[in-house]
Number of protein chains: 2
Amino acid sequence: MTVGGTNGERRAPATLHDVAREAGVSLATASRSLNGSTRKVNEEYRQRVLAAAAKLDYSPNLSAQAVARGTSTTVALLVADIADPYFAQIAAGVVREADHEGLIVTMAATERDSERELELVRSLRGQRPRVMILAASRRADDPAATALAEELRAFEANGGRVAFIGATEAPHRSVALDNAAGAEALARALVQAGYRGFAALTGAEGLRTAEDRLGGFLAGLAASDLTIAPEHIVRPAFTRDGGYDGMRTLVELGIGEIDVVFAANDVMAVGAMSAIRDAGLVPGRDVAIAGFDDIPTARDVTPPLSTVRLPLEEVGRRALRLALDTIGPGDDLPVRAEVVLRASTPTRAR
Amino acid sequence: MTVGGTNGERRAPATLHDVAREAGVSLATASRSLNGSTRKVNEEYRQRVLAAAAKLDYSPNLSAQAVARGTSTTVALLVADIADPYFAQIAAGVVREADHEGLIVTMAATERDSERELELVRSLRGQRPRVMILAASRRADDPAATALAEELRAFEANGGRVAFIGATEAPHRSVALDNAAGAEALARALVQAGYRGFAALTGAEGLRTAEDRLGGFLAGLAASDLTIAPEHIVRPAFTRDGGYDGMRTLVELGIGEIDVVFAANDVMAVGAMSAIRDAGLVPGRDVAIAGFDDIPTARDVTPPLSTVRLPLEEVGRRALRLALDTIGPGDDLPVRAEVVLRASTPTRAR
DNA sequence: CCGAGTCGGGTAAGCGCTATCCATCATGGT
DNA sequence: ACCATGATGGATAGCGCTTACCCGACTCGG
């Protein structure tokens with residue numbers, strides 16, 4: 001198709017100007033026929049322009065369009081850690097929906113550091129994205145919180161849209177995950193299944209998602225006048241290794257009174273299962289375990305992990321729709337968190 | 001779901017012009033003192049500008065900079081599926097390195113469709129990214145291959161950089177993963193461990209990564225005059241469910257002569273383990289299994305999965321460095337693929 | 001004391017587009 | 001016929017920024 005440029009011949013990409021000249025029309029006409037415009041243009045001209053564009057392998061300079069139009073086609077996504085399946089699934093949803101809307105997503109990782117998060121938001125703002133989606137976990141005691149709020153307020157004042165995932169951040173839109181209700185339902189289900197001695201592996205104090213889930217779980221237990229002994233609530237890192245370490249702590253403490261361990265997310269639960277096994281015990285038999293999220297591997301570990309399912313990809317898609325106001329069917333409904341009992345929490349004969 | 005915060009008056013973001021006016025200097029001086037320039041500017045002026053920028057909460061319009069400078073600060077990343085841990089890890093590496101270089105990464109998913117891949121490359125080109133990283137798996141018989149090559153050639157001719165991950169694509173830079181050698185080493189290790197009856201779960205015919213891994217594995221067996229019966233080479237989808245289905249097929253076919261199954265990647269292996277278990281067998285005892293990649297969950301399944309470790313995050317980082325010519329220590333060395341034997345392939349007494 | 005250098009701020013010409021305004025020309029109602 | 005009325009192509013003024021380029025103010029050696 002395109003000819004020339006043997007090696008390293010660095011010709012600049014074709015511009016709209018080139019296309020217009022090639023087609024023998026004005027810049028305006030070329031612009032109108034290539035990029036959506038309300039104006040009609042003579043079909044013959046249009047064809048000529050299209051042909052010229054194809055011939056020159058023209059591809060519109062998105063930055064230039066953004067500058068000229070005063071609005072970009074970008075959505076910025078902030079997650080804590082891309083490799084974590086929780087965020088990876090959300091990201092997959094956002095990317096898919098964005099693609100659907102003809103938008104481009106740029107991604108950044110906070111690495112669970114709220115200073116970094118603030119800095120990233122600040123720098124991402126430079127892109128003038130249409131939407132910013134914040135999926136990175138918020139913490140209640142965040143020192144950078146007000147600065148972040150300020151930054152987001154400014155962003156919105158400039159016409160940007162913000163959507164949070166997980167936490168409901170006061171003035172912004174958000175896809176609320178019913179962490180508390182899901183955990184509560186899980187707790188009830190476990191009580192129902194005959195469990196009485198509980199322990200919890202949850203994230204660092206102040207981590208919203210972790211707190212909500214633990215709170216819900218405790219509420220579910222409270223409904224049956226049960227609770228968790230303070231020493232049986234461990235707060236390691238909110239990661240697989242955190243789960244492993246936390247479970248080790250629990251095992252060392254003595255596991256006699258613990259029937260089941262509630263891990264505040266699945267990756268922790270998976271780590272915990274490995275810790276249980278490394279301690280010479282059998283998860284599901286010697287001590288049951290349940291997680292939260294229903295990441296894909298939950299069903300592939302042994303025994304399959306009981307958990308609370310969150311439709312994470314859908315959450316990602318919905319966050320974008322929400323921010324864009326392109327609500328789809330069912331988007332008004334809350335995100336359903338559904339208890340999924342598997343073999344890691346077998347029914348206990350009492 | 002909270003909606004709101006859209007009511008504030010919509011003032012436009014501060015421009016450099018505003019900052020200059022506020023500081024009482026010219027546009028040029030403002031530009032020079034805010035964004036790196038070779039020109040020196042009087043320290044007092046500089047401070048005034050900085051103060052003005054802070055006061056107005058100025059954030060440079062990246063699109064405008066890109067247009068003016070003729071070069072963006074973007075790197076485009078193409079993967080097959082973001083939620084797949086293989087790609088998620090690579091993406092994490094790319095994002096981290098990009099952040100390190102002050103670049104922004106935009107991400108797109110091909111969903112394993114090469115038509116889509118072509119289209120994405122085409123549209124991503126509009127961003128005029130500094131770098132394009134293609135991690136999505138290539139296939140030998142790709143009908144869109146020449147068009148893609150053409151597109152990439154044009155991109156490079158315009159000064160863009162391209163880096164492939166996995167496949168070594170003729171004229172481009174690439175981080176080669178030694179799929180063949182790794183699989184070969186794995187095969188030798190398994191033979192060494194006493195295995196004699198082999199089966200393989202690999203991707204669709206023509207999928208480069210899958211072919212290379214299978215080829216290497218067969219070569220490793222051949223060294224001991226062993227091979228895999230054609231009916232024991234199954235080619236389902238290159239995903240967890242593919243692994244599950246493929247293993248089911250194998251089980252239905254009769255597993256009598258199979259000691260160990262080699263899955264061409266870990267997610268398939270994990271799916272296969274579930275299939276084995278669902279068939280009432282015990283993976284590692286009734287039939288051993290090994291994968292490839294060493295995704296994080298490999299060590300958390302039961303039994304822990306034998307595999308070939310690929311430093312995927314490092315691969316992502318290296319791909320970017322490679323494209324940017326900012327080679328770091330050890331970047332000239334090939335990526336090491338290391339056999340990791342775990343309990344899913346116990347040593348067999350013979 | 002003068003011409004040749006720096007130094008450093010300002011002016012303005014772009015970058016590749018879009019959008020506004022004009023000019024032109026074919027209609028059509030009366 | 002004649003003018004209001006649409007259409008539709010073409011200049012052109014930006015969009016927010018960078019970067020020659022210009023030019024006045026200094027510094028200095030001879």
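Protein chains get the first letters and strands the later ones, always in sequence-line order, with residue 1 at the start of each.
Dashed line: the shortest gap from a side-chain N or O of B:Q65 to OP1 or OP2 of D:dT18 is under 4.0 Å. The side chain of A:K40 contributes an N or O atom lying less than 4.0 Å from OP1 or OP2 of D:dT8. Dashed line: the shortest gap from a side-chain N or O of A:S31 to OP1 or OP2 of C:dT18 is under 4.0 Å. Residue B:T29 has a polar side-chain atom (N or O) positioned under 4.0 Å from OP1 or OP2 of C:dG10.
Mapping B:A28 and B:A64 onto DNA chain C by nearest heavy atom places B:A28 at the nucleotide closer to the 5' end. Residues B:N61 and A:S26 both approach DNA chain D. Their nearest nucleotides, taken by heavy-atom distance, put A:S26 toward the 5′ side. Annotation: of the two residues near DNA chain D, B:N35 and A:Y45, the 5′-most nearest-nucleotide partner is A:Y45.
Rounded to an integer number of Å, the gap from CG of B:L62 to C1' of D:dC15 is 15 Å. Rounded to whole Å, atom P of C:dC15 lies 20 Å from atom CZ of A:R69. Atom pair B:D18:CG and D:dC17:P shows a separation of 9 Å (rounding to whole Å applied). Between the NE2 atom of A:H17 and the P atom of D:dA11 there is a distance of 11 Å, rounded to whole Å. Summarising the geometry, the separation between CZ on B:R32 and C1' on C:dA12 is reported as 12 Å, rounded to the nearest angstrom. Rounded to whole Å, the distance from CZ on B:R39 to C1' on D:dT19 is 9 Å. One interatomic measurement links the two molecules: CD of A:Q127 to P of D:dC15, which rounds to 22 Å at whole-angstrom precision. In this structure, A:E43 atom CD and D:dA7 atom P are separated by 18 Å, rounded to whole Å.
Note on A:D99 versus A:R96: no salt bridge recorded, every NZ/NE/NH1/NH2 to OD/OE distance being 4.0 Å or above. Checked for salt-bridge contact, A:E314 and A:R321 meet the test: a charged N lies under 4.0 Å from a carboxylate O.
Judged by distance alone, the side chain of A:R318 and the main-chain N or O of A:G93 form no donor-acceptor pair under 3.5 Å.
The residue from B:R112, B:R122, B:R138 that alone fulfils the salt bridge (charged side-chain N to carboxylate O under 4.0 Å, His left out) condition with B:E117 is B:R138.
At a cut-off of 3.5 Å, with distance as the only test, a side-chain donor of A:R130 or A:T71 sits close to an acceptor on the other residue.
Within the nucleic acid shown, A:V41 comes within 4.0 Å of sugar-phosphate atoms alone, with no base atom in reach, counting heavy atoms only.
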